[in-house]
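A quick write-up on the structure given underneath.
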Amino acid sequence: MKKSEKALQLLQALDEIYPQAHCALNYQNPWQLLVATILSAQCTDVRVNIVTAELFRVLPDAKAMAEASQEQVEELIRTTGFFRNKAKNLIHCAQQVLTLHQGEVPADLKSLVALSGVGRKTANVVLGNAFQIPGMVVDTHVKRLVRRFGWTKSDNPEQVEKELSKLLPESTWIQCSHTLIAHGRACCKAPTPICSACPVVALCPRKGVNKSK
DNA sequence: ATCCCGAGGG
DNA sequence: CCCTCTGGAT
């Protein structure tokens, strides 16, 4: 069987085990998803949703965010961590969306990555979930799992994204990230995967490398 | 202690 | 390539 066929077989098995995998961030429009995704760095989605409930009430759109003070935004997002950097990026990002894109979040990778605080991971989350434009989201979970699966040997997120995009059909990209992340959280953890309870151990090249429980 | 759906700067 | 930024959860 070809490498891409094997990968697809494993992915389809995971899709059946995690059919409910989806973007767990709360948002009502592309701008709010962009904000929530920026806040999600090194923070759980549950915590982001707690913070954005109040944040979106006080500062509902890019215009309000662009006019807010650094101190106000810091206070609203403090518990998500990295709050100084995130506040600075959010305000600058909002100003860029207003001046460069007439207040609308752009729907292409190049424009998104040019925004303050937005890297390829965040850009692909917004493209896939707000605009239904396929993009491979390579975060820490996705990178760890696909390396364990032997789908790539690269440690560079952008290189991993490139190789995955070649290996998997475009139609799988959006859901695939959610599925891999769900499995990464539930089972294929860093640094010790729970191989004895893994539903796809038979399809994994490591075949249960972690023998402890 | 270690991890959480990273990005920017040196 | 490395470092820094940060609080919360377990």
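Numbered from 1 within each chain, the chains take letters A, B, ... in sequence-line order.
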| field | Option among T37(A), L33(A), N124(A), V137(A) that satisfies the side-chain contact (heavy atoms from CB on, under 4.5 Å) test with N129(A) | value | L33(A)

Length of the [atom1]-[atom2] vector between [X] and [N], whole Å:
X       : N      : atom1 : atom2 : value
N156(A) : dA7(B) : CG    : P     : 13 Å
I77(A)  : dG6(B) : CD1   : P     : 15 Å
N85(A)  : dT4(C) : CG    : C1'   : 8 Å
R185(A) : dA9(C) : CZ    : P     : 15 Å
L34(A)  : dA7(B) : CG    : P     : 11 Å
L90(A)  : dA7(B) : CG    : C1'   : 12 Å
K143(A) : dC4(B) : NZ    : P     : 12 Å
K86(A)  : dA7(B) : NZ    : C1'   : 11 Å

| task | Indicate whether OP1 or OP2 belonging to dA7(B) is found under 4.0 Å from a side-chain N or O atom of T122(A). | result | yes

| task | Indicate, with a heavy-atom threshold strictly under 4.0 Å, whether R78(A) touches base, sugar-phosphate, or nothing. | result | sugar-phosphate

| said: Base, sugar-phosphate or nothing for H22(A)? Non-hydrogen atoms, less than 4.0 Å. | reply: base

Could you write out each protein N or O paired with an N or O of nucleotides 8-10 of chain B at a distance under 3.5 Å?
unit_1 : atom_1 : unit_2  : atom_2 : d
dG8(B) : OP1    : G117(A) : N      : 2.8

| Set of side chain to side chain donor-acceptor pair (under 3.5 Å) partners for S4(A), sequence neighbours left out | none

Is it true that a side-chain atom of [X] and a backbone atom of [Y] form a donor plus acceptor pair closer than 3.5 Å?
X       : Y       : result
R206(A) : C195(A) : no
S111(A) : D108(A) : no
K189(A) : I194(A) : no

| Selection: residues 165-183 of chain A, any non-hydrogen atom under 4.0 Å of DNA chain B | H178(A), I181(A)

| said: Under the criterion side-chain hydrogen bond (donor to acceptor under 3.5 Å, both in side chains), I'd like the reasoning laid out for T152(A) against E163(A): C-alpha separation, chi angles, the key distance, then a yes or no. | reply: CA-CA 7 Å; T152(A) 177; E163(A) 291 182 31; 2.8 Å; yes

Taking only the [atom1] atom of each, what is the distance from [N] to [M] in whole angstrom?
N      : M      : atom1 : answer
dT4(C) : dC5(B) : P     : 24 Å
dA7(B) : dG8(C) : P     : 22 Å
dT6(C) : dT2(B) : C1'   : 15 Å

| query | Do E5(A) and Q9(A) meet the criterion of a side-chain donor-acceptor pair at a distance under 3.5 Å? | reply | no

| remark: Result for side chain to side chain donor-acceptor pair (under 3.5 Å) between E161(A) and one of R120(A), K143(A), K121(A) points to R120(A)

| query | Using the rule for Phe, Tyr, His and the six-membered ring of Trp, do F82(A) and dG6(B) stack at under 5.5 Å and under 30°? | reply | yes

| task | Look at atom CD of Q28(A) and say whether more than 12 heavy atoms of other residues, nucleotides or ligands are closer to it than 6.0 Å. | result | no

| message | Please check if the number of heavy atoms outside E67(A) that lie under 6.0 Å from its CD is greater than 12. | response | yes

| request: Could you check which of dT6(C), dC5(B), dG7(C) has an atom nearest any side-chain atom of H141(A)? | output: dC5(B)

| said: Go nucleotide by nucleotide along DNA chain C from the 5' end; which of A41(A) and R47(A) gets its closest nucleotide reached first? | reply: A41(A)

